[in-house]
Amino acid sequence: MTCRTRFAPSPSGDLHVGGARTALFCWALARKHDGAFLLRIEDTDQKRSSDAASLGFLRDLRWLGIGWDEGPEDDGFGGGDHGPYFQSQRLSVYQEHLQRLIDAGMAYPAFETGEELTAARNLARAEKRPYRYDRAALQLDPADVQQRLDRGDDHVIRFRVPDDSEVIIQDEVLGEVRIAPGEVDDFVIRKADGFPTYHFAVVVDDASMGVSHVVRGQEHLANTPRHVLLQQALGFDRPVYAHLPLIQNPDGSKMSKRDKDKALRKEIKDRGLTSAKSVDPESWEAWLGDKTRQLPHECAERLAEELGIDLPEVSVDDFRRAGYLPEVLINYLALLGWSAGDDLEKFDGAFLCENFTLDRIGKSNARFDRQKLLAFNLDAIQDMTPEVFLERFRAHCEAEHPEFIDQTTPEQFALIAESNRERAKTLDDPARSCRFFVMDDEDITWPVTKGTRKALAKGEPSGFSRLQDLSGVLSGIESFTASSIEAALQAWADEHAEGNFGAAGMPLRVAVTGGTTSPPLPDTLAILGKASVLRRIERCVASAPDFAS
RNA sequence: GGCCCCAUCGUCUAGUCAGGUCCAGGACACAAGGUUUUCAUCCUUGGAACAGGGGUUCGAAUCCCCUUGGGGUCACCA
């Protein structure tokens, strides 16, 4: 049997890390068995479909290095003869199979409205009994039903679940799962708008696309009996099932896009804020007044920037923009639920394709640990050659921080990269911590903090007074390179500060950066260039009165 | 609440299926010390777990049962 797996996201947004891991495992399993990995877009919810969003995760998958053999065509991936791969374009396929079910008496129309069903559900809940559809539509007079259908009344089609059918699932991860007869009620398979429901579409498509292995999150386990029953009714082969443990937040809660919203709400509450520049008052009220509401993407990001907080990354694109490496992300994701054994935890996609097996997937949920991901990212960066790091940092800046390209010469840019290579945990770190490199000399400011005060104002002689001295030393350097700067400063320190480099280093660092952290000082000064350094020192010294009090 | 799933250090896990080699190994995190002109890195050392209770067995982290805890799911969303 050839192995055919599929990843079937709904196009409701970008690729979530949980989805990414599912795609990764599907991909690896197919590769391992020289099979095919297909991508199918589950866009049967007319309210949620959008083309732009579906392209988003194609890009994310490509970025992760997860290529698909069949599916939407994009950048050389996709195609295949089991299409179309958008469910919204497969309505006739569903209709054909649906008709078979109706003809066989295994599906029937039902006319209850959504409101009526919700009321019945609420009643059941209030009476503390489980809700199941009562099959009222089966009691209707056939002539009456026909009349309503002819009249064009809104109706859904329900699947008539066979009575007394225990479902036994042989799950590759969980083992045997049994669901007692009567647990599954007559669920809807075609909506009033004529679109199939997820359950129906997924079963028909998996069968007609020849999917042999269904690998998906455990949140789908409860759906599986429905799918199995439908397969039996339609005469389809049952695919192999493997339900993956879930990925959770560090606190054990479900990892979701809403986490960003929650982070913002918490910050606002903690600080007792009543307004923000990046959100207009009307939206602000509406948003905070309704916990089920979420701030639009862009707006949320602007607010986070205004508050100076980082939003938790939950989608693949968040991690890309935060400067994580795709090969590290897939490595870390693979570890959430799968293990190679033998204490091996660093590996790449090729290794996964060689060694991935379902029997090494764990059963219990895993919490997403950003610190470990960050540590892996650091390790990967430290393993890069200077050339590779430069290229990848450049590509990251081109996409996310063009000012680092625009405001520097290629030589300066290369030096910035190199001076950060061994300390960067992400490709974004240098751009965050070294903004002073691309700021105008006239825009540097010196906030009075414990650190800056210590470096500039405290002690005898103070940093400010030493800066006057050092400015002279630096201006006398002919070739303004890191090594000659270091030599000059060390010589100065030997003469004036008992060889203590820091006596020169910290005041200079604060003077040229406005803060207390930077790459090694000689590098920092060399990158800035003599003119900038002297100008910044001059302006810094002029700010001395701010530190007087 | 019904149904279903799960349970080894704080976290991810190896070991569980084929009980003994495990007074439980690795990684991240944490703590202490060291290197370093800042930050970060780096080096050394350390603490840290088989959820609880019953069985089965010469022997259980490994098999069975119960309890407790966690999670998922109960839509004309997927």
Side-chain angles (χ1 to χ4, degrees), chain A residues 8-12 42-45 47-48 87 110 112-114 117-118 121 124-125 128-132 154-158 169 171 173-175 177-180 182-185 187-193 195-199 201-202 217-225 243 245-246 248 250 252-254 332 335-346 359-360 362-376 378 382 420 422-425 429 433 451 455 486 489-490 493 500-506 508-510 513 515-522 524:
Chain A
S10 66
S12 56
E42 311 236 322
D43 56 350
T44 55
D45 184 357
K47 290 189 284 290
R48 282 214 256 172
Q87 288 186 328
E112 292 85 352
T113 64
L117 294 171
T118 304
R121 256 179 234 114
R125 180 164 288 253
K128 293 191 173 180
R129 58 181 166 81
Y131 169 79
R132 300 214 172 82
D154 274 357
H155 68 281
V156 299
I157 305 290
R158 286 181 183 268
I169 302 159
D171 189 272
V173 173
L174 300 172
V177 179
R178 286 168 177 267
I179 291 85
E183 286 296 329
V184 183
D185 70 354
F187 55 97
V188 174
I189 54 179
R190 193 184 72 174
K191 301 183 252 186
D193 65 5
F195 276 60
T197 60
Y198 162 73
H199 303 298
V202 83
Q218 243 174 58
E219 75 266 20
H220 283 294
L221 183 61
N223 293 327
T224 307
H243 287 94
L246 269 20
Q248 305 173 312
S253 63
K254 191 172 179 177
Y332 179 70
L335 254 21
L336 259 26
W338 186 81
S339 72
D342 291 334
D343 293 337
L344 178 70
E345 57 176 357
K346 296 279 181 73
D359 62 0
R360 292 204 65 86
K363 295 181 179 185
S364 47
N365 295 344
R367 300 183 187 206
F368 195 96
D369 180 0
R370 285 189 181 72
Q371 300 223 69
K372 183 154 179 170
L373 174 64
L374 203 56
F376 273 37
L378 170 76
Q382 290 187 335
N420 277 285
E422 288 177 320
R423 65 214 304 106
K425 291 189 172 179
D429 270 356
S433 64
E486 181 163 21
L489 292 180
Q490 189 60 57
N500 178 10
F501 192 100
M506 275 317 283
L508 279 171
R509 172 171 285 115
V510 174
T513 70
T516 55
T517 68
S518 82
L521 194 70
T524 302

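- With sequence neighbours left out, the salt bridge (Lys or Arg N to Asp or Glu O under 4.0 Å) criterion links A:Glu345 to A:Lys372.
- Rounding to the nearest 0.5 angstrom, the gap separating the CG atom in A:Leu373 from the CZ atom in A:Phe368 is 5.0 Å.
- Residue-level contact check: A:Thr118 touches neither bases nor backbone, having no heavy atom under 4.0 Å from any strand.
- In terms of phosphate contacts, A:Lys363 brings a side-chain nitrogen or oxygen within less than 4.0 Å of OP1 or OP2 of B:C6.
- Taking CG from A:Leu489 and CZ from A:Phe501, the interatomic distance works out to 5.0 Å, rounded to the nearest 0.5 Å.
- When the nearest nucleotides of RNA chain B are assigned to A:Pro519 and A:Pro245 by heavy-atom distance, the more 5′-ward of the two goes with A:Pro245.
- Rounded to whole angstrom, the span from the CG atom of A:Asp171 across to the C1' atom of B:C17 amounts to 15 Å.
- Nucleotides B:U73 and B:C9, compared at atom P, are 25 Å apart to the nearest Å.
- The partner of B:U37 cannot be assigned: no Watson-Crick or G-U wobble pair with both contacts below 3.5 Å exists in any strand.
- Atom CZ of A:Phe187 and atom P of B:C77 are 14 Å apart (whole Å).
- Counting non-hydrogen atoms under 4.0 angstrom, A:Pro9 reaches nothing in the nucleic acid.
- Atom name C1', nucleotides B:A75 and B:G70: the rounded distance is 26 Å, in whole Å.
- Nucleotides B:A60 and B:C23, compared at atom C1', are 14 Å apart to the nearest Å.
- Nucleic acid contact for A:Ser364: sugar-phosphate only, since backbone atoms but no base atoms lie under 4.0 Å from a heavy atom of the residue.
- The partner of B:C17 cannot be assigned: no Watson-Crick or G-U wobble pair with both contacts below 3.5 Å exists in any strand.
- For the pair A:Leu174 CG and B:C5 P, the interatomic distance rounds to 8 Å; values are reported in whole Å.
- Checking B:C12, B:U38, B:C4 against every side-chain atom of A:Arg509, the shortest atom distance belongs to B:U38.
- Separating the CG atom of A:Asp45 from the P atom of B:C76 is a distance of 12 Å, rounded to the nearest angstrom.
- At a threshold of 4.0 angstrom between heavy atoms, the contacts of A:His243 with the nucleic acid are absent.
- The shortest distance between the side-chain N/O atoms of A:Thr44 and the OP1/OP2 oxygens of B:A78 is below 4.0 Å.
- The salt bridge (Lys or Arg N to Asp or Glu O under 4.0 Å) search around A:Arg132 returns A:Glu183, not counting sequence neighbours.
- Across all strands shown, B:G69 forms a Watson-Crick or G-U wobble pair, both distances under 3.5 Å, with B:C6.
- Residue A:Ser339 has a polar side-chain atom (N or O) positioned under 4.0 Å from OP1 or OP2 of B:A14.
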Produce the list of close N/O pairs, under 3.5 Å, pairing protein atoms with atoms of nucleotides 60-68 of chain B; give distances to one decimal.
none

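- Looking at A:Thr197, its side chain does come within 3.5 Å of a backbone N or O of A:Val188 through a donor-acceptor pair.
- One finds no side-chain N or O of A:Lys47 lying less than 4.0 angstrom from the OP1 or OP2 phosphate oxygen of B:C76.
- Going from the C1' atom of B:G10 to that of B:C50 covers 16 Å, rounded to whole Å.
- Searching all strands for a Watson-Crick or G-U wobble partner of B:C30 with both distances below 3.5 Å returns B:G46.
- On the P atoms, B:A32 is 16 Å away from B:C39, given to the nearest whole Å.
- Remark: B:C63 base-pairs with B:G55. Criterion, Watson-Crick or G-U wobble with two distances under 3.5 Å.
- Comparing B:A27 with B:G33, their P atoms sit 22 Å apart, to the nearest whole Å.
- The nucleotide whose nearest atom lies closest to any side-chain atom of A:Pro520 is, among B:U38, B:G15, B:C42, B:U38.
- Taking atom CD1 of residue A:Ile189 and atom P of nucleotide B:A75, one finds them 17 Å apart after rounding to whole Å.
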Taking only N/O atoms, report every protein-nucleotides 70-74 of chain B pair under 3.5 Å with atom names and distance.
{"residue": "B:G71", "atom": "O2'", "partner": "A:Asn365", "partner atom": "ND2", "Å": "2.8"}
{"residue": "B:U73", "atom": "OP1", "partner": "A:Lys254", "partner atom": "NZ", "Å": "3.3"}

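- B:G2 atom C1' lies 7 Å from atom CZ of A:Arg132, rounded to whole Å.
- Computed from coordinates, the A:Ile169 CD1 to B:C3 C1' distance equals 12 Å when rounded to whole Å.
- The same atom, C1', is picked in B:U11 and in B:A29; the two are 7 Å apart, to the nearest Å.
- Judged as a side chain to side chain donor-acceptor pair (under 3.5 Å), and not counting sequence neighbours, the contacts of A:Asp429 are A:Thr426.
- Under 4.0 angstrom from either OP1 or OP2 of B:C42 there lies at least one side-chain N or O belonging to A:Gln382.
- In this structure, A:Glu486 atom CD and B:U38 atom P are separated by 13 Å, rounded to whole Å.
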Contact pattern, 5' to 3', of nucleotides 23-28 of chain B - B, S or - by protein heavy atom under 4.0 Å: --BBBS

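- For the C1' atoms, the distance linking B:U45 with B:G55 amounts to 43 Å, nearest Å.
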